[in-house]
Amino acid sequence: MVARRKVAVVGVALSDCGRVDDATPYALHAQAARRALADAGLDRSLVDGFASAGLGTLAPVEVAEYLGLRPTWVDSTSVGGSTWEVMAAHAADAIAAGHARAVLLVYGSTARADVRAGRRTGTLSFGTRGPMQFEVPYGHTLIAKYAMAARRHMIEYGTTIEQLAEVAVQARANAALNPEAMFRTPITVDEVLSGPMIADPFTKLHCCVRSDGGAAVLLVAEEYVRDCRTAPVWVLGSGESVSHAAMSEWPDFTVSPAAVSGRLAFERAGVRPSEIEVAEIYDAFTYMTLVTLEDLGFCGKGEGGAFVEKGRLRVEGGELPVNTDGGGLSAQHPGMRGLFLLVEAVRQLRGECGQRQVRRADGTPPRLAVASGTGGWFCSSGTVVLGAG
């Protein structure tokens, strides 16, 4: 039996993000990819694995061609926002097994610019075939699905709208420390509650921003770490899970598939949730953060509201800093944001985050982080545990 190799993230980068009116999605892919390779200090000739989703008729073939790559290992898994955590898990397994030496994960989107230019509408549709045909006629939009789930949690556990608003307030507080965040002006719970209603109980500030942007992550086998200019961040464990497509098939609106992916990731990493020092969690809506914190084991089921209202998610003074860049609620959200979670987690573990850097009591950067992505309307989840080199 061939010994499994350790796998490290050695390059991470974002493309230009926020308001980018003069670039194509392909250009953002390329910009992020070049920056990630430069971050690692490696040549693209080393890359023999490639993963991408969401662009092109034959993704990732078209994107690889645009980047001038001819990979011998590819992944085009597409499960919504959790795609990138799932792809990272697949890439790590492939590298560990010797099927690839370096895998590049890339994403780019001009979601905001496309709406602004009239190339698409602001309404996201997943089609009307298959299971969706029984929900679409009733106007059951993506945000309505999340809103229904949030309302169920409020009924079951007494979670308040003020507690959900605290998630947005603390995300904005973290964004205020990030010069690249799209929105940095502090907000209050009252401002969140008084905003325009989008889907009861969510007002506008309960919902993610719409932005342009791209991201890239480079994973390599352990023998290439010595050639890199950056300190390695090791992939310690991962897990993935899918739950449902039709809401009628979701057993419990208060439990996300992160309850499974998180358990698997922590078990495989040999790490307990209580040991995690920073968490990057998919936050298209405030409820996603709250319920994922519960399902990852940072607090008990139904205790998320009390957990978040104490300021625990803040970089400054928080017990468990969450979405340290401001998250999808304030920093950027160009579509499937899961890759951005990995970028921020790696940067935190490398101590590169400037004013928003999380530090231990002795002033050193954190040693353990988790990135957990969610896809669809809690349809899928991917969780990755990362450790500093």
Side-chain angles (χ1 to χ4, degrees), residues 1-13 29 32-34 36-53 58-65 67-79 82-107 215-241 261 264-271 338-339 341-343 345-346 349-350 368-371 373 382-389:
M1 179 180 293
V2 178
R4 290 176 64 85
R5 298 181 293 184
K6 292 174 62 179
V7 179
V9 178
V10 295
V12 296
H29 277 76
R34 285 194 299 268
L37 287 166
D39 182 55
L42 296 175
D43 189 82
R44 70 176 184 177
S45 61
L46 183 69
V47 176
D48 58 354
F50 184 71
S52 184
L58 297 173
V61 179
E62 288 186 24
V63 180
E65 180 179 71
L67 299 180
L69 299 174
R70 294 294 183 268
T72 55
W73 182 92
V74 294
D75 189 2
S76 61
T77 298
S78 184
V79 286
S82 63
T83 289
W84 309 102
E85 282 67 37
V86 172
M87 281 184 172
H90 294 176
D93 286 343
I95 294 171
H99 298 160
R101 62 194 179 203
V103 177
L104 183 64
L105 282 59
V106 190
Y107 177 66
V217 168
L218 180 66
L219 301 92
V220 302
E222 57 184 312
E223 60 264 34
Y224 297 102
V225 166
R226 62 179 179 271
D227 300 323
C228 298
R229 59 174 295 276
T230 55
V233 169
W234 301 100
V235 179
L236 303 181
S238 63
E240 56 195 85
S241 177
S261 71
L264 293 173
F266 288 129
E267 286 177 356
R268 291 164 180 169
V271 170
L339 199 53
L341 308 180
L342 292 167
V343 171
V346 169
L349 293 177
R350 297 196 315 204
L368 290 171
V370 65
T383 302
V384 180
V385 178
L386 300 166

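- Minimum interatomic distance between G49 and V47 (heavy atoms only, all atoms of both residues): O-CG1, 3.3 Å.
- W84 has its side chain out of reach of L341: every pair of non-hydrogen atoms, C-beta onward, lies at least 4.5 Å apart.
- Of the inter-residue distances, the one linking H29 atom NE2 with L104 atom CG reads 10.0 Å to the nearest 0.5 angstrom.
- In this structure, V7 and W234 approach most closely via the heavy-atom pair O-CE3, 3.3 Å.
- Between F50 and L67 the shortest side-chain heavy-atom distance falls below 4.5 Å.
- Note: L386 CG to L236 CG = 7.0 Å, rounded to the nearest 0.5 Å.
- The backbone N or O of V12 lies less than 3.5 Å from a partner atom in the side chain of D39, making a donor-acceptor pair.
- Taking 4.5 Å as the limit, some side-chain heavy atom of L339 sits within range of a side-chain heavy atom of L105.
- Here the CG atom belonging to L46 is positioned 9.0 Å from the CG atom belonging to L37, to the nearest 0.5 angstrom.
- Side-chain contact between V103 and L218 is absent, with no heavy-atom pair separated by less than 4.5 Å.
- To the nearest 0.5 Å, atoms CD1 (I95) and OH (Y224) are separated by 10.0 Å.
- Within the 3.5 Å criterion, the main-chain N or O of V10 finds a donor-acceptor partner in the side chain of T230.
- In terms of modelled atom types and a separation under 3.5 Å, the side chain of S76 and the main chain of P60 share no donor-acceptor contact.
- Looking only at distances, no side-chain donor or acceptor of R101 sits under 3.5 Å from a matching main-chain atom of A221.
- To the nearest 0.5 Å, the span separating NE2 on H90 from CG on L219 amounts to 13.0 Å.
- The two residues A51 and M87 make their nearest non-hydrogen contact at CB-SD, 3.6 Å.
- When atom types are taken as modelled, the side chain of R268 and the backbone of S238 share a donor-acceptor pair closer than 3.5 angstrom.
- Contact detail for A8 and V225: the closest heavy-atom pair is CB-CG2, 3.9 Å.
- Here the shortest heavy-atom pairing between R229 and A38 reads CD-O, 3.3 Å.
- Counting heavy atoms from C-beta on, the side chains of V220 and D227 never come closer than 4.5 Å.
- Residues F266 and V385 are in side-chain contact: their nearest non-hydrogen atoms beyond the backbone lie under 4.5 Å apart.
- At a threshold of 4.5 Å between non-hydrogen side-chain atoms, the residues T383 and L264 do not count as touching.
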